[in-house]
Amino acid sequence: MGTFFAYILKTAMFLIVYYLFYKLLMSRETFHRFNRVALVSLLLLSFVLPLAESLFKGVGTGEGLVALEGMLMMATGVEDAEAAQIPTSHILLGALMLFYLLGVVAFTLRSLISYFSLAKQLRKGERQTLNDGSILCLHEEQIAPFSWMHYIVASRKDIEESGVAILCHELGHIHNHHTFDLILTEVALILQWFNPAIWLMRRELQTIHEYEADEAVLDYGIDAKSYQLLLIKKAAGSRLQSITNSLHQSSIKKRITMMLNDTFETK
């Protein structure tokens with residue numbers, strides 16, 4: 001258990017460092033696809049690199065990380081019999097690991113409940129197959145439009161009023177396979193629920209998703225001003241936005257600013 005806890009702490013350190021690296025050097029770039037690939041790659045590296053112990057040898061921070069693991073294993077009595085002589089450290093570390101595992105269980109349940117609610121919404125709606133094979137689930141009650149995998153969920157009223165813009169936006173999410181990013185970050189969040197860096201990384205990634213989907217709408221030829229008004233109109237909350245791509249997700253102000261920047265750059 002000491003080894004696993006050391007791995008979690010190493011991963012947390014990498015996530016913090018990589019998030020700061022991304023935020024300081026890359027987040028202002030308007031190359032959305034590049035930013036998305038970079039952010040996902042940094043997230044994966046944060047979990048993979050701690051497993052490669054050989055990479056830590058000879059690296060400045062490596063000795064500190066290896067020493068950290070040794071201390072944790074000693075405190076849990078895995079490798080050093082003298083751990084029995086320091087019961088306070090043993091109890092403290094055990095309490096920390098229990099607290100961590102309780103958080104993992106809580107966030108796993110939270111995720112499962114969200115997916116159960118998502119499944120209910122996918123089953124309830126009237127299904128229509130679009131030209132590209134995506135499935136539109138129409139609801140009679142008012143519901144914020146969102147997409148997941150190859151499904152689009154929206155209210156019939158929204159589709160009747162602004163169907164082209166909504167479908168272009170959600171198809172932008174589907175064609176860019178944004179759901180896989182969300183599943184990856186959801187798993188990472190369960191394992192690193194205590195780490196602010198993973199929450200911030202997920203928010204950055206969701207923002208990039210919205211930039212890409214907004215770009216798809218404008219590329220289709222929809223008027224930017226009317227689309228921006230639609231975003232403001234649909235700026236209400238959604239209970240599923242952590243595991244789905246939603247039309248109103250992310251900062252509306254940032255998205256409008258990015259659309260204006262993209263417009264000027266293409267001129």
Side-chain angles (χ1 to χ4, degrees), residues 1-29 31-32 34-80 82-83 86-111 178 180-209 242-243 250:
M1 185 62 76
T3 302
F4 175 73
F5 200 53
Y7 167 75
I8 293 299
L9 293 180
K10 293 175 188 178
T11 302
M13 293 177 189
F14 275 102
L15 283 169
I16 293 171
V17 171
Y18 285 151
Y19 171 73
L20 292 175
F21 170 80
Y22 173 83
K23 191 65 178 177
L24 293 174
L25 300 180
M26 303 175 66
S27 62
R28 295 182 184 273
E29 297 295 329
F31 301 102
H32 309 315
F34 176 79
N35 283 2
R36 177 188 169 199
V37 171
L39 200 54
V40 171
S41 299
L42 292 174
L43 177 60
L44 290 173
L45 282 174
S46 297
F47 283 87
V48 172
L49 286 182
L51 296 176
E53 292 295 341
S54 60
L55 294 180
F56 297 142
K57 296 178 181 179
V59 181
T61 57
E63 294 179 1
L65 292 171
V66 173
L68 170 64
E69 182 175 354
M71 290 173 62
L72 289 170
M73 295 183 69
M74 181 180 69
T76 53
V78 175
E79 289 185 344
D80 196 336
E82 294 180 359
I86 48 172
T88 302
S89 300
H90 186 91
I91 293 172
L92 178 60
L93 185 59
L96 287 174
M97 286 191 288
L98 178 60
F99 180 67
Y100 166 75
L101 291 175
L102 287 174
V104 170
V105 171
F107 278 91
T108 300
L109 290 175
R110 168 182 172 273
S111 182
H178 290 162
F180 296 105
D181 294 355
L182 295 181
I183 293 174
L184 174 65
T185 55
E186 189 71 12
V187 173
L189 192 146
I190 289 172
L191 294 175
Q192 288 282 319
W193 59 267
F194 61 90
N195 189 350
I198 187 59
W199 293 86
L200 294 171
M201 271 189 166
R202 184 175 73 168
R203 187 174 68 181
E204 291 284 346
L205 194 56
Q206 288 176 325
T207 299
I208 294 171
H209 288 173
S242 64
I243 62 169
S250 186

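Note: hydrogens, waters and symmetry copies are ignored here, and every other heavy atom, side chains too, is used.
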Q | Steps toward side-chain contact (heavy atoms from CB on, under 4.5 Å) verdict (Leu101, Phe5) | A | CA-CA 10 Å; Leu101 291 175; Phe5 200 53; over 6 Å; no
(Q) If you count every heavy atom of other residues, nucleotides or ligands that lies below 6.0 Å from Phe21 atom CZ, does the total exceed 12? (A) no
Q) Do you know the tightest heavy-atom contact between Pro50 and Leu45? A) CD-O, 3.9 Å
Q.
Asp181: which residues meet the side-chain hydrogen bond (donor to acceptor under 3.5 Å, both in side chains) condition with it, sequence neighbours left out?
A. Arg36, His209
Q) So how far is it from Leu39 CG to Thr207 OG1, rounded to the nearest 0.5 Å? A) 10.0 Å
Q. Do Glu186 and Arg202 have side chains that get closer than 4.5 Å, going by heavy atoms?
A. yes
**Q.** Spacing of CD1 belonging to Ile190 relative to CZ belonging to Arg110, to within rounding of 0.5 Å
**A.** 8.5 Å
Q. Going by heavy atoms in the side chains, are Leu191 and Thr11 under 4.5 Å from each other?
A. no
Q. If you round to the nearest 0.5 Å, how far is CG of Leu200 from CG of Leu20?
A. 9.0 Å
Q) Can you say whether the rings of Phe107 and Trp193 are parallel (under 30°), tilted (30 to 60°) or perpendicular (over 60°)? A) parallel
Q. How long is the span from the OG atom in Ser111 to the CG atom in Leu189, to the nearest 0.5 Å?
A. 9.0 Å
Q | Check: Tyr22 and Asn35 side chains under 4.5 Å, non-hydrogen atoms | A | yes
Q | Derivation and outcome, side-chain contact (heavy atoms from CB on, under 4.5 Å), residues Met201 and Tyr18 | A | CA-CA 9 Å; Met201 271 189 166; Tyr18 285 151; 4.0 Å; yes
Q | Within-4.5 Å side-chain heavy-atom neighbours: Leu184 and Leu44 | A | yes
Q: Assess whether side-chain contact (heavy atoms from CB on, under 4.5 Å) is satisfied between Gln192 and Phe47, documenting all intermediate values.
A: CA-CA 10 Å; Gln192 288 282 319; Phe47 283 87; 3.8 Å; yes
Q: Provide the closest heavy-atom pair for Leu42 versus Ser46 in the form atom of the first, atom of the second, distance.
A: O-OG, 2.9 Å
Q: Kindly compute the distance separating CG (Leu15) from CD1 (Ile198), expressed to the nearest 0.5 Å.
A: 5.5 Å
Q: Please assess Tyr19 against Phe14 for the test side-chain contact (heavy atoms from CB on, under 4.5 Å), listing each intermediate value before the final yes or no.
A: CA-CA 8 Å; Tyr19 171 73; Phe14 275 102; over 6 Å; no
(Q) Is any side-chain heavy atom of Ile208 closer than 4.5 Å to one of Phe34? (A) no
